[in-house]
Enquirer: 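One structure follows; several queries about it will come next.
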Amino acid sequence: MLGYYPGCTVRAQKEDGFEQESLAILAALGIKAQELEEWECCGAVYPMAQDEYVGLLASVRALNQTEKEEKDGLLTLCSACYHVLKRVNVRMKNDEEAQKRVGNYLEMDYKGQTEVYHLMEVLRDMVGMNSLKEAVTEPLKNEKIASYYGCLFLRPQKEINLVDGENPQLMEDIVRALGAEPVTYPYSTDCCGSYHTCQEEGVSRQMSLKLVESARRAGATQMITACPLCKYNLEKCQESMEKEEKLPIHYMTVPIVKAMGGMKTLERKGEAHAYSAENSSQSSA
Amino acid sequence: MTKDVKNQEKSQGQNMVDIYIMGKKYTVPDSLTIMKGFEYAGYTLIRGCGCRAGFCGACSTVYRVAGDHELKVGLACQTKVENDMYLTQIPFYPAHKVQYQLDELQGDTDQLAETFPEITKCVGCNACSNVCPQDIKVMKYIAHAIRGEISKAADESFDCLMCGLCATKCPANILQYKVALLSRRLHSRYLVPGAEHLQDRLKEIEEGKYDAEMDQLMNASREELVDKYNNRDIE
Ligand code: FES
């Protein structure tokens, strides 16, 4: 059983369906995840100051809580939460001063034991691409999907270490497993402009537009991401376009749900898994 | 001198302790609450005290006991004096008062953060929960507020007395107890179905069902009122 850290943005924007879809996909594939009993905002930005420890507290508390609840790792969906939790964890593993200061303040002994997982990592390492492929009932034959990673899943490579930061293929592998065609375009690892959108919107608009145009020229019928902010920027930069000109931007869960037969089917499968798990645990007990 | 007082009182069956009010030493019986200790020492409390029963939150007090580095807090009407207790009352905390009209707000996810934008500055230090005399998980309900979970924030903060100690400790200047109050208001105004019996009663009042009884009370003499009070129904 994984611990689950929803993150503020994902939770506050429930109507996007990202959370619901992610959990349904995992449940249907037999992966169990349960929301931590208590968690606070990770801060959304990894604290770079070496001599300030307050920014680490919320993340360490969640990581420690995962261990306390005896979960097999901490799952998160949002790229920002993933980035922050993972890097804080790396720091807690390696920085003795941080261990001491944070540990003293929180009155806990945490040294980076918890593993942090992203949804796509769980699909790769716990489910496996073959099983994902087997679970596809309606292959997305006519879709050409451009995968967009953005910065937070990639950099710094040494700490995040999720995929090859220069030429990641994980989302493309997922797209392939769904029976769709992955689109190759040069900017899948570029920055979308991120928080510039709050102050210098022109900057993020230009950066995002470059990505979208490139994906479109390469023949994409849609772009997928796992980052709420990237998704916002990629949509926002197309704001003034006519509806039919716009390239749809989806969370990566959208094509997965579709290929696996829709939410209803997923929910049914999830329930079946939960049922059989319950029965087997009862018989083994 | 103090020693004499101590011995004298002790002989009358009282154990005496030394407490320090704003730095000045007083000797008081150890059976008193902080609030009664103040009064025993000769203070008249007209601010920073209200219900005297642990409900109104007016009497938050910061103290430290000699030999211990930790600053502690408590409600003066509920916490007993200890020997060598250094005391400070917090009679009034100048909290920023955010004005809003409940009817013009919405029970949606952004409302709390829109009304109190500073909640998103929470750094997760948990000083608020650590200081809360009611043992409320203050940081937890602020986390609910940040992500728009109004009903969860309302539920988690239900026992809040609005003493304001959380806000005095907050490095991000969040007014936790006011956020909590708004969450409970939004919850009951927008997120739970209205109570029918309340509507019925309000209608009855408007229709004048209780006017005669009310007039009778308003015109009653002092003796009648005393009599009514003494013979009231007690559940
Ligand atoms: S006086 Fe009301 S809580 Fe202490």
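So that the names make sense, note that chain A is the first sequence line, chain B the second, and so on, each numbered from 1. These numbers come from the heavy atoms of this one structure, side chains and all, not from hydrogens, waters or symmetry mates.
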Enquirer: Can you say whether B:K121 sits under 4.5 Å from chain A via the side chain, the backbone, both, or neither, judging by heavy atoms?
Expert: neither
Enquirer: Name the region of B:N126, side chain, backbone, both or neither, that has any atom closer than 4.5 Å to a heavy atom of chain A.
Expert: both
Enquirer: Let me confirm one number: the CG-CD distance from B:D108 to A:E15, rounded to the nearest 0.5 Å.
Expert: 9.5 Å
Enquirer: So which atom in A:L57 and which in B:V123 form the shortest heavy-atom distance, rounded to 0.1 Å?
Expert: CB-O, 4.5 Å
Enquirer: Taking NZ in B:K72 as the centre, count heavy atoms belonging to other residues, nucleotides or ligands within less than 6.0 Å. Is the count above 12?
Expert: yes
Enquirer: In Å and rounded to the nearest 0.5 Å, what is the CD to NZ distance from A:E40 to B:K137?
Expert: 9.5 Å
Enquirer: Should we say atom CD of A:Q157 is surrounded by more than 12 heavy atoms from elsewhere, each under 6.0 Å from it?
Expert: yes
Enquirer: Between A:R11 and B:K152, which heavy-atom pair has the shortest distance, and what is it?
Expert: NH1-NZ, 4.3 Å
Enquirer: Between A:K14, A:R61, A:Q13, which shows the greatest number of heavy-atom pairs under 4.5 Å with chain B?
Expert: A:R61
Enquirer: Looking at every non-hydrogen atom in both residues, tell me the closest pair between A:Y105 and B:C125 and how far apart they are.
Expert: OH-O, 2.8 Å
Enquirer: Is it true that atom OH of B:Y43 has more than 12 heavy atoms of other residues, nucleotides or ligands lying nearer than 6.0 Å?
Expert: yes
Enquirer: Specify which of A:A58, A:G43, A:C8, A:C42 makes the most heavy-atom pairs with chain B at under 4.5 Å.
Expert: A:C8
Enquirer: A quick test of your reading: do over 12 heavy atoms of other residues, nucleotides or ligands sit less than 6.0 Å from OH of B:Y100?
Expert: yes
Enquirer: What are the residues of residues 164-187 of chain B, in order of number, with any heavy atom under 4.5 angstrom from a heavy atom of chain A?
Expert: none
Enquirer: Atom CZ of residue position B:R201 - does it have more than 12 heavy atoms of other residues, nucleotides or ligands inside 6.0 Å?
Expert: no
Enquirer: Looking at A:Q20, I'd like to know if its CD atom is crowded, meaning that more than 12 non-hydrogen atoms belonging to other residues, nucleotides or ligands lie closer than 6.0 Å.
Expert: no
Enquirer: Given that the side chain runs from C-beta out, which part of A:E52 has a heavy atom under 4.5 Å from chain B: side chain, backbone, both or neither?
Expert: neither
Enquirer: Quick check on B:C122 against chain A: is it the side chain, the backbone, both or neither that has a heavy atom closer than 4.5 Å?
Expert: neither
Enquirer: Within the supplied structure, the quantity of interest is the number of heavy atoms (other residues, nucleotides, ligands) at a distance under 6.0 Å from A:E70 CD; does it exceed 12?
Expert: no
Enquirer: When you look at NE2 of A:H196, are more than 12 heavy atoms from neighbouring residues, nucleotides or ligands closer to it than 6.0 Å?
Expert: no
